[in-house]
Amino acid sequence: MEFSKLLKPEAVKVVTAATSKKRLMQAFGDLAQSAYDLDADMVVDALTQRETLGPTGVGHGVALPHARLSGLDDVVGAFVLMEKPIDFSSVDRQPVDLAFALFAPQDAGVEHLKALALVARTLRDTSFCTKLRANRDPSTLFTILTEGRSDQAA
C-alpha cells in the first residue's frame, strides 16, 4: 500500500475557511467530488455517520475521518491542511489542523484497514507532520505525502 495509490494531486487542499467539523466534512465532500467524481452529499453523510460512532481525531492535531461508500472500486483518500485548527473532539482534546480522509468500497475489507494503518502510522510521525504544517502549497503537500511513503509489510 502506497500513498501514491491512495491520493491524487487534486485531492490535496489547504483550507482557510473551515471553522467546524461540519465544514471540514463539506470540504472533503467537495474534494471527493472533484478528484474522484463521488457524490459530495453522499461523502459528507457517510463521514458524518462514521463520526457518530466515535471521533476520528487521533491526537496531536491529526484527524483520520473515513467511510465506506458505494460506487468505489479502490480505497482513495483526500488530505486537508487547515490554516486555523478546529475542534474535532480528538482523544487529546487538541484542535485539528491536519486531516486525511479515506473512502473505501463497501466490501473493501483488509485493503481499507491497510490504508488506514498506513495513514495513521505516517501521521503519527511528528517530524513528518511538522513538514506538512510548514507548507501551504497543495502540490508540495502532495509531494511530501507521496514520496517514498509506503507500508512495507503490505
Q: With no hydrogens and no angle check, do the side chains of Thr56 and Glu51 hold a donor and an acceptor under 3.5 Å apart?
A: yes
Q: Any idea which heavy atoms bring Ala35 and Ala11 closest together, and the distance?
A: CB-CB, 3.8 Å
Q: Do Val14 and Phe128 share a hydrophobic cluster, counting only Ile, Leu, Val, Met, Phe, Trp and Tyr and linking them when any side-chain heavy atoms are less than 4.5 Å apart?
A: yes
Q: Please report the shortest heavy-atom distance between Pro65 and Phe28, naming the atom on each side.
A: CG-CE1, 3.9 Å
Q: Answer whether the closest heavy-atom distance between the side chains of Glu10 and Ser34 falls below 4.5 Å.
A: no
Q: When you compare the side chain of Met82 with that of Val96, does any pair of heavy atoms fall below 4.5 Å?
A: yes
Q: Which heavy atom in Gln26 sits nearest to a heavy atom in Val44, and how many Å separate them?
A: CA-CG2, 3.8 Å
Q: Does the side chain of Ile86 reach to within under 4.5 Å of the side chain of Ser20, using non-hydrogen atoms?
A: no
Q: Would Leu6 and Leu118 count as a side-chain contact (heavy atoms from CB on, under 4.5 Å) if you check the C-alpha gap in whole Å, the side-chain angles of each, and the deciding distance to 0.1 Å?
A: CA-CA 10 Å; Leu6 289 176; Leu118 170 64; 4.2 Å; yes
Q: Would you call Ile144 and Lys131 a side-chain contact if the rule is heavy atoms closer than 4.5 Å?
A: yes
Q: Between Arg136 and Leu81, does the side-chain contact (heavy atoms from CB on, under 4.5 Å) criterion hold? Intermediate values first, please.
A: CA-CA 8 Å; Arg136 294 287 185 262; Leu81 168 70; 3.1 Å; yes
Q: If you take all heavy atoms of Val91 and Val58, which pair is closest and at what distance?
A: CG2-O, 3.5 Å
Q: Check whether any side-chain N or O of Arg121 sits under 3.5 Å from a backbone N or O of Asp125 as a donor-acceptor pair, and report yes or no.
A: no
Q: So do Val43 and Leu69 actually touch side chain to side chain, heavy atoms under 4.5 Å?
A: yes
Q: Among residues two or more places apart or on two chains, list those pairs meeting ring pair (Phe, Tyr, Trp, His ring centres under 6.0 Å) that have a residue in residues 62-100.
A: Phe3-Phe100, His66-His112
Q: Of all heavy-atom pairs between Ala40 and Gly29, which one has the smallest distance, and what is that distance?
A: CB-O, 3.5 Å
Q: Give the C-alpha distance, both sets of side-chain angles, the deciding distance and a yes or no for side-chain contact (heavy atoms from CB on, under 4.5 Å) between Leu132 and Leu98.
A: CA-CA 8 Å; Leu132 290 170; Leu98 300 176; 4.2 Å; yes
Q: I'd like to know if the side chain of Thr143 reaches the main chain of Ser139, judged simply by a donor and an acceptor atom lying under 3.5 Å from each other, with no hydrogens or angles considered.
A: yes
Q: As an exercise, state the distance from CG of Leu145 to CD of Glu147, rounded to the nearest 0.5 Å.
A: 9.5 Å
Q: Say whether, by atom type as modelled, one donor and one acceptor occur between the side chain of Tyr36 and the main chain of Leu31 under 3.5 angstrom.
A: no
Q: Between Lys13 and Val80, is there a donor-acceptor pair closer than 3.5 Å when you use the side chain of the first and the backbone of the second?
A: no
Q: Mind checking what makes side-chain contact (heavy atoms from CB on, under 4.5 Å) contact with Thr19, not counting sequence neighbours?
A: Arg23
Q: Roughly how far apart are Gln33 CD and Met42 CE, rounded to 0.5 Å?
A: 10.0 Å
Q: When you compare the side chain of Arg68 with that of Arg50, does any pair of heavy atoms fall below 4.5 Å?
A: no
Q: What residue pairs, at least two apart or across chains, pass salt bridge (Lys or Arg N to Asp or Glu O under 4.0 Å) with a residue in residues 86-100?
A: Asp97-Arg133
Q: Below 4.5 Å, heavy atoms only, C-beta onward: do Val76 and Leu7 meet side chain to side chain?
A: no
Q: Working to the nearest 0.5 angstrom, can you tell me the gap between Leu72 CG and Phe103 CZ?
A: 8.5 Å
Q: Less than 4.5 Å apart, any side-chain heavy atom of Pro105 and any of Asp73?
A: no
Q: Atom CG of Asp30 and atom CG of Leu38: how far apart are they, to the nearest 0.5 Å?
A: 12.0 Å
